[in-house]
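Below is one structure, written out as structure tokens; the observations come after it.
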Amino acid sequence: MLVLDAAETRAALPWGGLVTALEDLFAKGCVMPVRHHHDVEVPGEADATLLLMPAWRPGAYMGVKMVSVFPGNQTRGLPAIHGSYLLSSGKTGELLAILDGGELTARRTAAASALAARYLARQDASSMLMVGTGRLSANVIEAHASVRPIRKVAVWGRDPKKAEATAEELDLGNISVSVATDLEAAAREADIISCATLSSEPLIRGDWLKPGAHLDLIGAFKPTMRESDDRAATRASIFVDTREGALKEGGDIVQPLKAGLITEAAIRADLFALARGEHPGRTAPDEITLFKSVGAALEDLAGAVLAFEAKRGKV
């Protein structure tokens, strides 16, 4: 059995290969039950969340990820997300590998947004605003830079010191990195805006989005959470990772739907349709696009298989 720690998992999942692996599996499809989602009480703190995400390709591989999200860990200097991934044979059930779930989650989540950006962000998108300073931030920036010619990145966080620390830690070669102190001004300038937060209230306003902007919403994974306002939902062309997941868990979609501001038909396509060529994605230079992801077990399976086969010399 193969066991990969965080560093080994990261090394086995290069951006180019991972984005392609996700695209390939979204095109092929797999069996993917809607994930189990449980609130876990933490005395004296905000509730934690337990996620169980199974997926399999019949006769090939099956896997399940267990992830816990503890918002209170931010005050302890610990990651909010912990998890493990178990990859097994789809023929015998034999356990093949255990991967670091946190690293797999961070990289596959960022890669899914980068895959969406391949279809939705302008080809010449060169400036990016990263909203959020958690573990995902660096991954999201690197992943987008692998699919678009990013030359300038601004990082914004509720805590300016954390934003400064995140910016200082980034090593992106020729890409300039700065700290955004004015969220609105930074958002109005950015070609790509990525949000990876645990916010319950909108951070990005639709009126701030310039023509041609691409809004990438990664956090706010519960119906009660959101990172953008109603104006963003009504102004942009909406795309999602999976329809079922976004309609059930994505607050940025669920809330304007419940308010009657948009209908389900407002969702132009999901990553399945984009990967299969059933929708072209962006259709005009000035089109404003919005991508909402809540995560999919398919993405974990694709990453785990990529890492396992790379380590076993099959790729």
Side-chain angles (χ1 to χ4, degrees), residues 26 32 34-35 37 49 109 112-122 125 128-132 140 144 183-184 186-188 190-296 298-299:
F26 269 109
M32 185 175 55
V34 174
R35 68 185 177 187
H37 189 145
T49 304
T109 300
S113 283
L115 174 58
R118 272 187 178 175
Y119 296 99
L120 305 177
R122 286 174 54 115
M128 179 178 179
L129 169 63
M130 184 70 238
V131 179
V140 171
H144 277 88
L183 181 58
E184 178 179 349
R188 287 183 179 277
D191 297 324
I192 297 174
I193 302 170
S194 284
C195 299
T197 73
L198 297 176
S199 179
S200 296
E201 300 295 333
L203 296 169
I204 300 297
R205 308 290 172 178
D207 286 333
W208 298 352
L209 305 175
K210 70 179 184 180
H214 173 57
L215 178 59
D216 172 40
L217 303 174
I218 301 170
F221 56 88
K222 293 183 180 180
T224 55
M225 303 167 73
R226 66 189 306 185
E227 296 175 309
S228 63
D229 65 358
D230 290 336
R231 175 64 171 151
T234 58
R235 191 178 179 207
S237 298
I238 299 174
F239 299 82
V240 298
D241 54 354
T242 67
R243 287 180 180 273
E244 192 171 12
L247 291 171
K248 180 182 179 182
E249 299 178 352
D252 291 280
I253 306 297
V254 171
Q255 291 185 37
L257 270 172
K258 286 186 175 180
L261 297 172
I262 61 173
T263 66
E264 291 187 18
I267 299 177
R268 306 291 179 89
D270 57 17
L271 283 180
F272 291 103
L274 291 171
R276 293 168 181 165
E278 296 168 1
H279 191 287
R282 172 177 291 274
T283 56
D286 289 346
E287 182 180 10
I288 296 173
T289 55
L290 182 157
F291 175 68
K292 175 57 189 168
S293 68
V294 295
L298 176 153
E299 299 162 9

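- When atom types are taken as modelled, the side chain of Arg122 and the backbone of Ile192 share no donor-acceptor pair closer than 3.5 angstrom.
- Taken to the nearest 0.5 Å, the OG atom of Ser113 stands 3.5 Å off from the CD1 atom of Ile218.
- Between Ile253 and Val294 the shortest side-chain heavy-atom distance does not fall below 4.5 Å.
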Next on the checklist: Using side-chain contact (heavy atoms from CB on, under 4.5 Å), reason through Arg231 and Leu209 one step at a time and then give a plain yes or no.
Outcome noted: CA-CA 10 Å; Arg231 175 64 171 151; Leu209 305 175; over 6 Å; no
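- For the atom pair Leu120 CG and Ile288 CD1, the distance stands at 13.0 Å (nearest 0.5 Å).
- Contact annotation: the side chain of Ile262 never approaches that of Ile267 to less than 4.5 Å [non-hydrogen atoms, C-beta and beyond].
- Here Asp252 contributes atom CG and Phe291 contributes atom CZ; the two are 12.0 Å apart, rounded to the nearest 0.5 Å.
- A 6.0 Å sphere centred on NZ of Lys258 holds no more than 12 heavy atoms belonging to other residues, nucleotides or ligands.
- Arg188 has a carboxylate O that lies under 4.0 Å from a charged side-chain N of Glu184, or vice versa, which qualifies the two as a salt bridge.
- Between His37 and Glu249, some side-chain heavy-atom pair lies under the 4.5 Å cut-off.
- Using a 4.0 Å cut-off between a side-chain N of Lys or Arg and a carboxylate O of Asp or Glu, Lys292 and Asp216 do not qualify as a salt bridge.
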Item to check | Stepwise side-chain contact (heavy atoms from CB on, under 4.5 Å) check, Ile204 with Cys195 | outcome: CA-CA 9 Å; Ile204 300 297; Cys195 299; 3.6 Å; yes
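- In this structure, CG in Asp270 is found 7.0 Å from OG1 in Thr242, a value given to the nearest 0.5 Å.
- Taking the side chain as every heavy atom from C-beta outward, Thr224 and Ser200 never approach each other to under 4.5 Å.
- Contact of the Thr289 side chain with the Tyr119 side chain is not registered, since no non-hydrogen atoms from C-beta on lie closer than 4.5 Å.
- Rounding to the nearest 0.5 Å places CD1 of Ile238 at 6.0 Å from CG of Leu290.
- More than 12 heavy-atom neighbours from other residues, nucleotides or ligands sit within 6.0 angstrom of CD on Glu278.
- A salt bridge links Arg226 and Asp230; the closest N-O separation between the charged side-chain nitrogens and carboxylate oxygens is under 4.0 Å.
- Using modelled atom types, one finds no donor on one side chain facing an acceptor on the other under 3.5 Å when comparing Glu227 with Ser199.
- Side-chain contact check for Ser293 and Asp241: no donor-acceptor pair (N or O, by modelled atom type) lies under 3.5 Å.
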Next on the checklist: Checking Leu115 against Phe26 for the side-chain contact (heavy atoms from CB on, under 4.5 Å) test, could you report, in this order, the C-alpha distance in whole Å, the side-chain angles of both residues, the deciding distance, and whether it holds?
Outcome noted: CA-CA 10 Å; Leu115 174 58; Phe26 269 109; 4.1 Å; yes
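- Side-chain contact between His214 and Ile193 is absent, with no heavy atoms from C-beta onward closer than 4.5 Å.
- Proximity of the aromatic rings of His279 and Phe239 is defined here by a centroid distance below 6.0 angstrom, and this criterion is met.
- Remark: Ser194 OG to Leu129 CG distance equals 8.5 Å, nearest 0.5 Å.
- Side-chain atoms of Arg282 come within 3.5 Å of backbone atoms of Gly212 as a donor-acceptor pair (strictly under, hydrogens ignored).
- Side chain of Thr197 to backbone of Gly219: no donor-acceptor contact under 3.5 angstrom is found.
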Next on the checklist: Between Val140 and Met128, is the side-chain contact (heavy atoms from CB on, under 4.5 Å) condition met? List the steps.
Outcome noted: CA-CA 10 Å; Val140 171; Met128 179 178 179; 3.8 Å; yes
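- In this structure a side-chain-to-backbone donor-acceptor pair under 3.5 Å is present from Gln255 to Pro223.
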